[in-house]
J.: 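Can you keep this structure in mind? I'll have questions shortly.
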Amino acid sequence: MRDRGAGRYNYGRHAGVLVPLFSIPSRRSWGIGEIPDLVPLARWLASAGLDFVQFLPLNEMQDGQSSPYSALSAMAIDPLFIAVEDVDEFVVAGDDVLAAEDRAALARARVAARVDYAVVRALKGRALRRAFTWFADNLWGTGDRRDRSLRAFEERERWWLDDYGLFRALHDDHGGRHWRDWEPGLRDRDPAALAAARARLEWQIRYYSYLQWIADEQWQRARMEAAPVGVFGDFPFMVSSHSADVWARQHEFDLDSSVGTPPDAFSAMGQDWGLPAYRWDVLAANDYAWLRERTRRSADLYDGFRIDHLIGFYRTFVRRPDGRAGFVPADEGAQRAQGERLLSVFSEGGASLIGEDLGTVPDFLRVSLAERGIPGMKVMRWERNWHAAGHPFHDVAAYPEVSVATSGTHDTETMAEWWDSASVEERQAILALPVLREAGLGPEDSFSDRTRDVLLDALFAAGSRLLILPIQDILGWRDRINTPALVNDQNWTWRLPGPVENLSTDPGGLERAAFLRELSRKYART
C-alpha cells in the first residue's frame, strides 16, 4: 500500500479529524466501527474540506481489554474491526451462521450507547470461525482464487505473520496465560518445540493468518475508496509483555523492569505503565531491526503516523524491581543521539510523521524535531508563555509551519469541558489573542455553539501546516475517549450517537461540513 502520495502532508496546509475507528460504526456494523466505515467518514470529511483522519492504534487487543495501547501484537490488525458481513465465506455459509441468541445480542450491540467489547468480540469470533471453517473445508489447498490470495498474503507478510500466527495459536492453547508461564520449550523458543507446535496447531495458525488476510483485503479496499482522504495511524511507544513481538524477541527487552514517567507537575508519583523496558544496547547492536519492521508495517498501512510518547525513544524512564528508577540512556548526549537515530529510522518508511512531544520534555526534543522537519504538537490551551506575567497565550498565527495545531488529544478533556472549567483569567488570556480579540466572546460566557465556532476559527488560522481536531470538538460535544489512569467501562468505549452515515445526511452534520469547508477555504487548508 505504499506510494499513495503520503508525502503530500509534508507540504501545504491540511486539516483532519481525530477519531478512533471503534467510535464510527455504520448501520451495517456489529456494534463497533469497522474497516469499511472509513469510507462514509471520508466522504463526510471531503465534503467538509478535511483531507485526512487520524486513528488510534488498530493493533489486536487482549481479551478483556479496551485500550488500543494494550496489544497482543505491534503488527496485527484487531479482527474486531473486520466487517463480518463483507467476508465471502460468511455470506456463502448462509443464515445459519448466527444462532438466535447471537442475533439478539447483535441487535443489542448495534443500538448500545457504547462499544461492548466482550459481546462484540464473542459474536465476531464465532462468526469468523464459522467462515474460516467453510474456507478450510471448501477452498484450502484447491488453488481457487481466494486460496491463492491467502497464500500470497502469507508469503508477502511472512516477516511478521509467522511469529504472530504461532503466538496467537499458543495463546489460545494455553488459555490466555502469559507466555512466561508456558512450558520451557515454548517459553524459551526451542526450535524443536516450535516446529512441533506449528505442526500440531496448523489449523489455528492458518485461522489467524486468514483473519489478517481478510483485514488486509478490507483495509486496502477501504483506503482506495476513501481517497483522496488520507489515513494517519498511531505508533505506540510499547506493546504488552504478553505479545507476539516480545515473545519472539525476548533478548531485546528487560522483562523484569517497567517503563513509565517520572514524577512531574501532572503526577506526584509519576506513572508505571507495567510494560517491559527496551534493552537499547541490544536494539542498537542489530540496528533497531524490530523498530524498522514496525515502521515498515506502519508505512504499509498509513499515509502517515503519530509517534506516541516520542520522548521515550530518546530516554526511557525505567523502574527496576529493586526500586531504582531513572532514565536510559542516562546522559543528554546519548539520549539525543539515540532519539535522532530513531527519527531517521522512522522516516525511512516514507510515511509522513508527527511527533507526540507533549508533557514534560527537555528542550532538545523540539530542537531535534525542528531540525528534521517533523511536526510536533501545539495544543492551543497549553501554548502559553509560562515565564511571563499572566502566562499569555502564544499567537496561533505564529505557530511554526512545521507543527500540528490541535484543540486536544484522545487523553484530554474536550474543548467544551476545558472552556467551562477554565478560570475567568484563563479565558481572558486566550481571548486576548489577535485572532480572538474581535470575536465578540466574553470571559464569563459559558460554552456554546458560538464559543465552539470561534475557537475552531482560531485553530484553522494557526500557522501550523497540519491541523487535527477531535471530532467531539468539531461538534461541540463533551464525550471523552479516555481519562488517563482511570479504569472503568467508559474509557475507550465512546461511539457516535448514530451511524457514521448520518454525518452526511443529518442537518447537524451538513451544517458542520459547510462551516468547516468555509474555514478550510478561508485559511487555505487542503
Side-chain angles (χ1 to χ4, degrees), residues 1 21-22 29-38 57-65 68 70-93 97-98 102 117-141 144-173 176 198 201-223 239 242-245 247-248 297 300-301:
M1 292 298 295
L21 178 56
F22 62 73
S29 301
W30 285 25
I32 190 171
E34 298 173 346
I35 293 169
D37 298 333
L38 165 62
L58 304 181
N59 306 109
E60 183 176 8
M61 296 178 288
Q62 298 189 52
D63 290 347
Q65 292 286 339
S70 182
L72 287 167
S73 168
M75 310 292 187
I77 294 174
D78 199 319
L80 271 177
F81 297 124
I82 291 174
V84 174
E85 294 183 14
D86 288 348
V87 177
D88 288 1
E89 290 74 36
F90 176 82
V91 175
V92 172
V97 171
L98 291 183
D102 282 345
Y117 287 94
V119 169
V120 173
R121 194 174 291 281
L123 284 172
K124 291 199 173 189
R126 287 192 287 274
L128 290 168
R129 282 187 181 274
R130 289 288 298 276
F132 174 68
T133 298
W134 192 96
F135 179 94
D137 290 344
N138 295 278
L139 297 180
W140 192 346
D144 174 86
R145 176 186 61 83
R146 286 182 64 74
D147 179 55
R148 295 196 311 273
S149 179
L150 171 57
R151 291 174 185 276
F153 171 79
E154 290 176 328
E155 184 62 32
R156 186 176 71 247
E157 304 297 329
R158 189 171 303 284
W159 56 278
W160 66 270
L161 193 62
D162 277 0
D163 281 324
Y164 163 75
L166 179 56
F167 175 83
R168 279 303 274 114
L170 288 169
H171 169 87
D172 292 349
D173 197 47
R198 286 190 185 279
L201 298 171
E202 180 186 10
W203 194 94
Q204 281 289 91
I205 293 170
R206 181 60 59 86
Y207 169 65
Y208 285 109
S209 293
Y210 172 84
L211 294 185
Q212 291 305 307
W213 168 60
I214 294 294
D216 184 73
E217 281 196 327
Q218 292 191 359
W219 183 256
Q220 291 189 43
R221 186 181 310 120
R223 281 190 66 193
V239 291
H242 182 58
S243 64
D245 313 273
W247 173 66
R297 179 68 171 152
D300 283 346
L301 293 174

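None of these values were measured; they are calculated from a predicted model.
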J.: Are Q62 and H242 packed together at the side-chain level, in the sense that at least one heavy-atom pair is separated by less than 4.5 angstrom?
T.: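 Of all side-chain heavy-atom pairs linking H242 with Q62, at least one is under 4.5 Å.
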J.: Got a second to check how far E155's CD is from L161's CG, nearest 0.5 Å?
T.: 10.5 Å
J.: Looking at side-chain heavy atoms only, is the closest gap between D63 and R121 below 4.5 Å?
T.: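 Heavy-atom side-chain distance check passes, below 4.5 Å.
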J.: Do the non-hydrogen side-chain atoms of F81 and Q218 ever get within less than 4.5 Å of each other?
T.: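 No; the side chains remain at least 4.5 Å from each other.
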J.: Of all heavy-atom pairs between S209 and L150, which one has the smallest distance, and what is that distance?
T.: O-CD1, 4.0 Å
J.: What closest approach, in Å, do V84 and A127 show between heavy atoms, and which atom pair accounts for it?
T.: CG1-CB, 3.9 Å
J.: Test side-chain contact (heavy atoms from CB on, under 4.5 Å) on I77 and L301 and set out the steps.
T.: CA-CA 10 Å; I77 294 174; L301 293 174; 4.2 Å; yes
J.: Where is the tightest heavy-atom contact between A222 and P36, given as atom of each residue plus distance?
T.: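 Distance-wise, the nearest heavy atoms are CB-CA, 4.3 Å.
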J.: Between atom CE of M75 and atom CG of N59, what is the distance when rounded to the nearest 0.5 Å?
T.: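 Between M75 CE and N59 CG, I get 9.0 Å after rounding to 0.5 Å.
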J.: Rounded to the nearest 0.5 Å, what's the gap from CG on L80 to CD1 on I32? Could you check?
T.: 4.5 Å
J.: Does a side-chain N-to-carboxylate-O contact under 4.0 Å join R129 and D172?
T.: yes
J.: Parallel, tilted or perpendicular: which describes the rings of W140 and F132, with under 30° parallel and over 60° perpendicular?
T.: tilted
J.: Any side-chain heavy atom of L166 within less than 4.5 Å of one from W247?
T.: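 SC-SC contact between L166 and W247 confirmed.
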J.: Run the numbers on R221 and D216 for salt bridge (Lys or Arg N to Asp or Glu O under 4.0 Å), then give the verdict.
T.: CA-CA 9 Å; R221 186 181 310 120; D216 184 73; over 6 Å; no
J.: Taking all non-hydrogen atoms of both residues into account, name the closest pair between L72 and D245 and its distance.
T.: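 Minimum heavy-atom contact is O-OD2, 4.3 Å.
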J.: Show your reasoning for whether side-chain contact (heavy atoms from CB on, under 4.5 Å) applies to E217 and F153.
T.: CA-CA 10 Å; E217 281 196 327; F153 171 79; over 6 Å; no
J.: So, K124 side chain and P79 main chain: donor-acceptor pair closer than 3.5 Å or not?
T.: no
J.: Measuring from Y207:OH to T133:OG1, what's the distance to the nearest 0.5 Å?
T.: 8.5 Å
J.: Supply the atom-to-atom distance E60 CD to H171 NE2, rounded to the nearest 0.5 angstrom.
T.: 8.0 Å
J.: Show, in sequence, the C-alpha distance, side-chain angles and deciding distance for M61 and S70, and conclude whether the side-chain contact (heavy atoms from CB on, under 4.5 Å) test is met.
T.: CA-CA 6 Å; M61 296 178 288; S70 182; 5.6 Å; no
J.: Report the relative orientation of the aromatic rings in F135 and Y210; use parallel for angles under 30°, tilted for 30 to 60°, perpendicular for over 60°.
T.: tilted
J.: Determine, stepwise, if the pair D173 / Q204 fulfils side-chain contact (heavy atoms from CB on, under 4.5 Å).
T.: CA-CA 9 Å; D173 197 47; Q204 281 289 91; over 6 Å; no
J.: Mind checking whether W213 and Y208 have side chains closer than 4.5 Å, heavy atoms only?
T.: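 Side-chain contact under 4.5 Å: no.
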J.: Should E89 and R130 count as an ion pair when the cut-off is N to O under 4.0 Å?
T.: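 No, this pair does not count.
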J.: Taking all heavy atoms of A74 and all of V239, pick out the closest pair and write down the distance.
T.: CB-CG1, 3.6 Å
J.: Between A136 and W203, which heavy-atom pair has the shortest distance, and what is it?
T.: CB-NE1, 4.0 Å
J.: Measure the shortest side-chain to side-chain distance between S29 and E34 over non-hydrogen atoms and say whether it is less than 4.5 angstrom.
T.: yes
J.: So do the side chains of D78 and L58 get within less than 4.5 Å of each other, counting heavy atoms only?
T.: no
J.: What's the spacing between D163 CG and R158 CZ if we round to 0.5 Å?
T.: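 Atom-to-atom, D163:CG and R158:CZ are 11.5 Å apart.
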J.: Is the shortest distance from a Lys or Arg side-chain nitrogen in D144 or R151 to a carboxylate oxygen in the other one below 4.0 Å?
T.: no
J.: Do E85 and W30 touch side chain to side chain, with heavy atoms closer than 4.5 Å?
T.: yes
